[in-house]
There are 2 protein chains.
Amino acid sequence: MTKEEEIRSRTRAAILKALGHPTRMFIIEKLHEKPHCVCELTEMIGADTSTVSKHLSVLKNAGLVVDSKEGTMVRYSLACTCIMEFIGCIENVIRNNLQRQLDYFT
Amino acid sequence: MTKEEEIRSRTRAAILKALGHPTRMFIIEKLHEKPHCVCELTEMIGADTSTVSKHLSVLKNAGLVVDSKEGTMVRYSLACTCIMEFIGCIENVIRNNLQRQLDYFT
DNA sequence: TTCTTATTTGGCAATATAACCAAATAGTAA
DNA sequence: TTACTATTTGGTTATATTGCCAAATAAGAA
């Protein structure tokens, strides 16, 4: 593994890692529908506001969402629209995984 | 968040999480080129064989790679070909992230 | 300036992850 | 059956992540 390959892998993994949490995946799905503020997302998720804020921070640092101030409220939007397209592809993997589990118990 | 939404997010996150490590991203890239056995990947990565084996296990459990036995050797192949397509999209995010950092220091 | 609302950050504890090493397992050759 | 090679699994330790709570910060209204 060359230094370039390591940096490339590390950089990519950092972004994928940001998506590797249920709450953040939910946020991405909701932002794909339309932009939301922290309090809206917090209400839908049902966790502490600080927890939601931290997840948004992770996504923002990864460059997957962007924010914009509107008074005291911060509105978050999806910056990388191909995620849900990729998720569509992931559904096939999920389906195959479930089928494999089903076959295992049959 | 309904129960369905939670399960959906959790399932998707589990797969994205499997991609959230530099070594596993490297493996995905190499398997995209052509199938490899553990010893080949271990040589390229430079980590312990057991470490590489565990990473492969994570990817296999996520349904992203498949394996096939050939004598004592196990050959791993990419099962989800759209990953590298998504990585292509991620390159834009990475570029934007770097640009943002550059702007910050200028 | 003070108060209110929204958001972010720090601290802490619990949980999860990842690396190496050694041992165990699996398949093939002798 | 034994020996060899490749791979997987268990144990351990260190690090990273995540949730909640409390405190701090930011923006606007009064």
Side-chain angles (χ1 to χ4, degrees), chain A residues 1 5-7 9-28 30-31 34-77 104, chain B residues 1 5-6 9-28 30-31 35-77 104:
Chain A
M1 203 201 274
E5 287 177 316
E6 189 183 337
I7 291 177
S9 300
R10 195 168 293 280
T11 306
R12 290 169 174 173
I15 296 177
L16 274 301
K17 192 183 206 180
L19 296 170
H21 189 286
T23 301
R24 294 200 287 276
M25 275 314 305
F26 179 80
I27 289 173
I28 291 291
K30 288 304 160 186
L31 294 188
K34 73 182 185 76
H36 284 286
C37 64
V38 182
C39 53
E40 288 170 346
L41 291 168
T42 298
E43 203 173 328
M44 295 188 256
I45 293 164
D48 205 76
T49 301
S50 60
T51 299
V52 177
S53 183
K54 276 179 172 162
H55 282 306
L56 282 162
S57 188
V58 170
L59 291 172
K60 183 184 166 189
N61 286 339
L64 298 170
V65 306
V66 292
D67 61 354
S68 58
K69 298 275 176 61
E70 285 171 29
T72 53
M73 276 175 41
V74 181
R75 180 182 291 258
Y76 284 91
S77 309
Y104 184 82
Chain B
M1 204 201 274
E5 288 177 315
E6 189 184 336
S9 300
R10 195 167 294 280
T11 307
R12 289 170 175 173
I15 296 177
L16 273 301
K17 191 182 206 181
L19 295 169
H21 189 284
T23 301
R24 293 200 287 274
M25 275 314 306
F26 178 80
I27 290 173
I28 292 292
K30 288 303 160 186
L31 293 187
H36 284 287
C37 65
V38 182
C39 53
E40 288 170 342
L41 291 167
T42 297
E43 202 172 328
M44 294 186 259
I45 293 165
D48 204 75
T49 301
S50 60
T51 300
V52 177
S53 182
K54 277 180 173 162
H55 282 305
L56 281 162
S57 188
V58 170
L59 291 171
K60 183 185 167 189
N61 286 339
L64 298 171
V65 306
V66 292
D67 62 351
S68 61
K69 300 279 177 56
E70 286 171 30
T72 53
M73 274 174 42
V74 181
R75 180 183 291 260
Y76 284 91
S77 309
Y104 185 81

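In what follows, every chain begins at residue 1, and chains take the letters A, B, ... in the order their sequences are listed. Everything quoted here is computed from the prediction, not taken from an experiment.
Phosphate proximity of D/dT8 to B/Tyr76: present, with a side-chain N or O under 4.0 Å from OP1 or OP2. Using a 4.0 Å cut-off, some side-chain N or O of B/His55 falls inside it from OP1 or OP2 of C/dA19. A sub-4.0 Å separation between OP1 or OP2 of C/dT8 and a side-chain N or O of A/Ser53 is present. Close to D/dG19, at under 4.0 Å from its OP1 or OP2, lies a side-chain N or O of A/His21.
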Start with the C-alpha distance between B/Lys30 and A/Met1, add both sets of side-chain angles, then the distance that settles side chain to side chain contact (heavy atoms under 4.5 Å, CB included), and finish with yes or no. CA-CA 11 Å; B/Lys30 288 303 160 186; A/Met1 203 201 274; over 6 Å; no
Please test B/Val58 against B/Leu64 for side chain to side chain contact (heavy atoms under 4.5 Å, CB included), starting from the C-alpha separation and ending with a verdict. CA-CA 9 Å; B/Val58 170; B/Leu64 298 171; over 6 Å; no
Candidate pair B/Thr42 and B/Thr51, rule side chain to side chain contact (heavy atoms under 4.5 Å, CB included), full reasoning: CA-CA 9 Å; B/Thr42 297; B/Thr51 300; over 6 Å; no
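Closest to the B/Thr51 side chain, of the nucleotides D/dT7, C/dT8, C/dA19, is C/dA19. Between D/dT8, D/dA6, D/dG28, one nucleotide has an atom nearer to the side chain of A/Thr72 than all others, and that is D/dG28. When the nucleotides C/dT7, D/dT7, C/dA19 are ranked by their closest atom to the side chain of A/Cys37, C/dT7 comes out on top. Across D/dT17, C/dC20, D/dT7, the shortest atom-to-atom separation from the side chain of B/Thr49 is found for D/dT7.
Rounded to whole Å, atom P of C/dG11 lies 17 Å from atom CG of A/Asp48. Computed from coordinates, the A/Glu40 CD to C/dT7 C1' distance equals 14 Å when rounded to whole Å. With rounding to whole Å, A/Ile27 atom CD1 is found 14 Å from C/dT7 atom C1'. In this structure, CD of B/Glu43 is placed 16 Å from P of D/dT5, rounded to the nearest angstrom. The CG-C1' distance, from B/Leu19 to C/dA18, rounds to 16 Å in whole Å. Rounded to an integer number of Å, the gap from B/Ile45 CD1 to C/dC20 P is 11 Å. For the pair B/Leu59 CG and D/dT8 P, the computed distance is 12 Å after rounding to whole Å. The NZ atom of A/Lys54 sits 15 Å away from the P atom of D/dA24 (whole-angstrom rounding).
Each of A/Met73 and A/Lys17 lies near DNA chain C, and the nucleotide nearest A/Met73 is the one positioned closer to the 5' end. In this structure, A/Val58 and A/Gly71 both approach DNA chain D, and ranking their closest nucleotides by distance from the 5' end singles out A/Val58. Nearer to the 5' terminus of DNA chain D, by closest-nucleotide assignment, is the contact made by B/Arg75 (compared with the other of A/Ser50 and B/Arg75).
Between A/Tyr76 and the choices A/Val66, A/Val38, A/Leu59, A/Ile27, the side chain to side chain contact (heavy atoms under 4.5 Å, CB included) rule is met once, by A/Val38.
Within the 4.0 angstrom heavy-atom criterion, no nucleotide atom of any strand lies near A/Lys60.
By the side chain to side chain donor-acceptor pair (under 3.5 Å) test, B/Glu40 is found to be paired with B/His36, residues two or more places apart in sequence or in another chain being considered.
Checked by distance alone, A/Lys69 brings no side-chain donor or acceptor within 3.5 Å of a matching partner on the base of D/dG28.
Taking CD1 of A/Ile45 as the start and CD of B/Glu6 as the end, the distance is 11.0 Å to the nearest 0.5 Å.
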